[in-house]
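Just so you know, ligand 1 is whichever comes first in the structure, and atom 1 is the first atom listed for that ligand.
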Amino acid sequence: MSEPLVIVGNGMAAARLVDELTRAALGRYAIAVIGDEPRLAYNRVLLSSVLAGETASHDIELKSAEWWRDRGVTLKYGCVASEIDVGRRELKIENDESIAFSKLILATGSAPLRLGVSGADLASVHTFRDCRDVDLLLSLAAKKKRVVVVGGGLLGLEAAYGLAKAGAQVTLIHLMDRLMERQLDAPAAELLRTLVERKGIKVLLNANTARIHGETRVEAVELADGGRIAADAVIFAAGIRPNVGLARDAGIPVNRGIVVDDHLQTGAGDIFALGECAEHRGTCYGLVEPAYEQARVLARHLAGRAAAYEGSVVSTNLKVSGVGVFSAGDFIGAAGSEAIVLDDQLGGTYKKLVISGGRLTGAVLVGDVTDALWYLELIRTRAPVARIRKDMMFGRAVAMPSEAA
Ligand SMILES: Cc1cc2nc3c(=O)[nH]c(=O)nc-3n(C[C@H](O)[C@H](O)[C@H](O)COP(=O)(O)OP(=O)(O)OC[C@H]3O[C@@H](n4cnc5c(N)ncnc54)[C@H](O)[C@@H]3O)c2cc1C
């Protein structure tokens, strides 16, 4: 008889886990997935392209209804899992029955942060996380609204770009002195700012949101330095917080995320966590690739095979058309490393390669990102680069002509 395996969350990590698990151990588990969003799992990364009008919302589903059916998965969407009874091995679902499990997987993702400033609860203050948010943002843009996006990281930039492209007047405000400071060094961020402003987005740096004015709806955003930006709506894109409530209430150890070991096992037997809700060796990843790597390891482990997750090398790609941005590994350059830099601010290209111990350890590209995947592969595989060092900056085709051909 198949063992009941229940997954909470029907997002990207869950879909990949089911895919991997049904390949590795088809029939071993009777899988049920409980998701609170009202549709089949979709590619959340592509919400930025949907907002920018470059992809249709119905084209971002990860798997068809038949795919789930063919694998015998019981899908409950539009359902919130509300409590885990660890001792009885039961999951309670809001307004519904309980489901028994022999293995439980938490894949609950993250929630967007809202700043705790006055006015943050006004109507027309939104976030950018799911399909419903995209619909709201598109309706603002269609009415040519003045929108302030708070947060100059990847998400804020993609929200600002999508809104501007759809017709809104957008001001992007960022607390730090440069955009995407967690992925870019100062010259790369400066070039990015120029390229983003060319898309019609106004960028304000060192801008600390003090309060949002308005009676029932947003009227203006006030900054800590007294500056005031007239606005009809505010979008918070200032970070995420892992959804750990279910686990914490059940007595499962959590820090920032749900703490897992190298088998993605939580502190409770037969309960696992992966994706953005999980914290592995002190790190909560906010990207999809680590979630997919975790899914592969967890599927193998659940199939009874040897597998361990040891962490991920992360990389970032900005999805703003015509503004290529890539960053991976140690992009600043730790002590003892050296950097090869090409900085052509006027021509719109910045490249920095960080080398340490004869290996590529980090890369930042703005403008031309043609070789991003090659650099990422060099970083991940820790391949020696002494032989190609002098040509590496000019890309794979120049550095390794026989392999690139
Ligand atoms: C606009 C946007 C652009 C992005 N772009 C990139 C990118 O370019 N590259 C990249 O690597 N990453 C990107 N990300 C991040 C990426 O989407 C996430 O890392 C990925 O979706 C994480 O997968 P997950 O399954 O852990 O979480 P999610 O995909 O968020 O899935 C979690 C699911 O669990 C549900 N859930 C939570 N609690 C419960 C409960 N109690 N009961 C039932 N269901 C519940 C949630 O509603 C959600 O549907 C982007 C994110 C956004 C929002």
Side-chain angles (χ1 to χ4, degrees), residues 6-18 32-52 55 60 62 75-84 91-96 99 104-112 127-134 137 149 151 153-163 180 183 235-237 239-250 257-258 260 264 273-280 284-295 298 312 314-320 325-328 376:
V6 177
I7 304 176
V8 183
N10 189 21
M12 299 190 75
R16 181 55 71 98
L17 177 64
V18 172
V33 180
I34 317 299
D36 62 4
E37 289 190 70
R39 60 178 284 187
L40 291 173
Y42 57 87
N43 186 338
R44 197 173 301 285
V45 170
L46 289 180
L47 287 180
S48 301
S49 311
V50 175
L51 181 62
T55 305
I60 66 172
L62 287 166
L75 268 185
K76 281 178 171 276
Y77 45 85
C79 290
V80 180
S82 54
E83 196 185 326
I84 305 165
L91 178 76
K92 295 202 174 114
I93 300 173
E94 223 169 73
N95 306 324
D96 206 348
I99 304 190
L104 179 70
I105 320 291
L106 301 173
T108 49
S110 301
T127 53
F128 183 31
R129 179 74 194 177
D130 61 28
C131 283
R132 288 162 291 197
D133 295 333
V134 172
L137 301 198
V149 175
L154 177 117
L155 209 59
L157 283 159
E158 292 183 1
Y161 167 66
L163 281 160
M180 289 183 71
Q183 290 92 10
I235 316 302
F236 282 133
I240 52 174
R241 182 189 299 121
N243 288 323
V244 300
L246 254 190
R248 192 186 39 227
D249 293 349
I258 305 166
V260 294
L264 289 315
L274 82 164
E276 281 191 356
C277 67
E279 177 177 324
H280 174 261
C284 296
Y285 295 97
L287 295 166
V288 76
E289 197 51 39
Y292 282 0
E293 289 172 12
Q294 293 169 357
L298 181 53
S312 300
V314 294
S315 67
T316 307
N317 281 293
L318 183 70
K319 302 180 296 299
V320 171
V325 174
F326 167 81
S327 163
L376 182 59

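The option with the heavy atom closest to atom 6 (C) of ligand 1, from among Leu62, Val45, Leu47, is Val45. Here the shortest heavy-atom distance to atom 35 (C) of ligand 1, taken over Asp36, Ile84, Val288, Asn43, belongs to Asp36. Within the set Arg39, Lys76, Arg44, the minimum heavy-atom distance to atom 28 (P) of ligand 1 is found for Arg44. Nearest to atom 41 (N) of ligand 1 by heavy atom, out of Ala81, Ser110, Ala273, Gly162, is Ala81. Of the options Gly35, Pro38, Ala107, the smallest heavy-atom separation from atom 33 (C) of ligand 1 is shown by Ala107.
In this structure, Thr108 OG1 and Asn243 CG are separated by 5.0 Å, a value rounded to the nearest 0.5 Å. Taken to the nearest 0.5 Å, the CG atom of Leu17 stands 6.0 Å off from the CG atom of Leu274. Between atom CD of residue Glu289 and atom CD of residue Gln294 there is a gap of 10.5 Å, rounded to the nearest 0.5 Å. Here the NZ atom belonging to Lys92 is positioned 11.0 Å from the CD1 atom belonging to Ile84, to the nearest 0.5 angstrom. Taken to the nearest 0.5 Å, the CG atom of Asn317 stands 6.5 Å off from the CZ atom of Phe326. To the nearest 0.5 Å, atoms CG (Leu318) and OG (Ser327) are separated by 11.0 Å.
Heavy atoms of Val8 found under 4.0 angstrom from ligand 1 belong exclusively to the side chain. When heavy-atom distances to ligand 1 are checked against a 4.0 Å cut-off, Cys79 comes that close only through its backbone atoms N, CA, C and O. Contacts with ligand 1 closer than 4.0 Å are made by no heavy atom of Tyr285, backbone or side chain.
Looking only at atom types and distance, the side chain of Ser48 has a donor-acceptor partner in the side chain of Glu158 under 3.5 Å away.
Residue Glu289 has no nitrogen or oxygen atom sitting less than 3.5 Å from a nitrogen or oxygen atom of ligand 1, judged on distance alone. Annotation: Asn243 places no N or O atom under 3.5 Å from an N or O atom of ligand 1; distance criterion only. The N/O atoms of Ala14, backbone and side chain alike, include none that comes under 3.5 Å of an N/O atom in ligand 1. Among the atoms of Ser48, none of the N or O lies under 3.5 angstrom from an N or O of ligand 1. Polar contact check, Gly275 against ligand 1: no nitrogen or oxygen pair lies under 3.5 Å apart.
What sits closest to atom 21 (O) of ligand 1 on the protein, heavy atoms only, is Met12 SD, 3.4 Å. Protein heavy atom at the shortest distance from atom 27 (O) of ligand 1 is Gly109 CA, 3.3 Å. Scanning the protein heavy atoms around atom 37 (C) of ligand 1, the nearest turns out to be Thr108 O, 3.2 Å. In this structure, atom 25 (O) of ligand 1 lies nearest to the protein heavy atom Ala13 N, 2.8 Å. Atom 34 (O) of ligand 1 has as its closest protein heavy atom Gly9 CA, 3.2 Å. Looking from atom 31 (O) of ligand 1 to the surrounding protein, the closest heavy atom is Gly11 CA, 3.3 Å. At the top of the distance list for atom 8 (O) of ligand 1, counting protein heavy atoms only, stands Lys319 NZ, 2.5 Å.
Atoms of ligand 1 lying under 4.0 Å from at least one heavy atom of Arg129, given by number and element, are 27 (O), 28 (P), 30 (O), 53 (C). Those atoms of ligand 1 that come under 4.0 Å of a heavy atom in Leu155, given as number and element, are 1 (C), 2 (C), 3 (C), 52 (C), 53 (C). If you number the atoms of ligand 1 from 1 as listed, the ones under 4.0 Å from a heavy atom of Ile34 come out as 43 (C), 44 (N). Which parts of ligand 1 touch Glu276 is read off a 4.0 Å heavy-atom cut-off, strictly below it: atoms 15 (C), 16 (C), 18 (C), 19 (O), 22 (C), 26 (O). Atoms of ligand 1 found under 4.0 Å from any heavy atom of Glu37, numbered from 1 in the order shown, are 47 (O), 48 (C), 49 (O). Atom numbering of ligand 1 starts at 1 in the shown order; those under 4.0 Å from a heavy atom of Gly286 are 15 (C), 19 (O).
Applying the side-chain contact (heavy atoms from CB on, under 4.5 Å) rule to Glu94 yields the partners Val80, Ser82; only residues at least two apart in sequence or on another chain are considered. The side-chain contact (heavy atoms from CB on, under 4.5 Å) test applied to Arg132 returns Glu37, Pro38, Asp130, not counting sequence neighbours.
Taking each heavy atom of Lys76 and Ile93 in turn, the nearest pair found is CD-CD1, 4.1 Å.
At distances below 3.5 Å, at least one donor-acceptor pair connects side-chain atoms of Tyr285 with backbone N or O atoms of Ser312. Arg44 contributes a side-chain N or O that, together with a main-chain N or O of Arg129, makes up a donor-acceptor pair within less than 3.5 Å.
Paired with Leu47 under the rule side chain to side chain contact (heavy atoms under 4.5 Å, CB included), one option of Leu155, Asp133, Thr55, Val134 passes, and it is Val134.
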Test log, rule side-chain contact (heavy atoms from CB on, under 4.5 Å), inputs Thr316 and Met180 | CA-CA 10 Å; Thr316 307; Met180 289 183 71; 4.0 Å; yes

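Summarising the local packing, CZ of Arg39 is surrounded by more than 12 heavy atoms from other residues, nucleotides or ligands at distances under 6.0 Å.
Residues Met12 and Val45 are in side-chain contact: their nearest non-hydrogen atoms beyond the backbone lie under 4.5 Å apart.
For the pair Ala15 and ligand 1, no heavy-atom separation below 4.0 Å is found.
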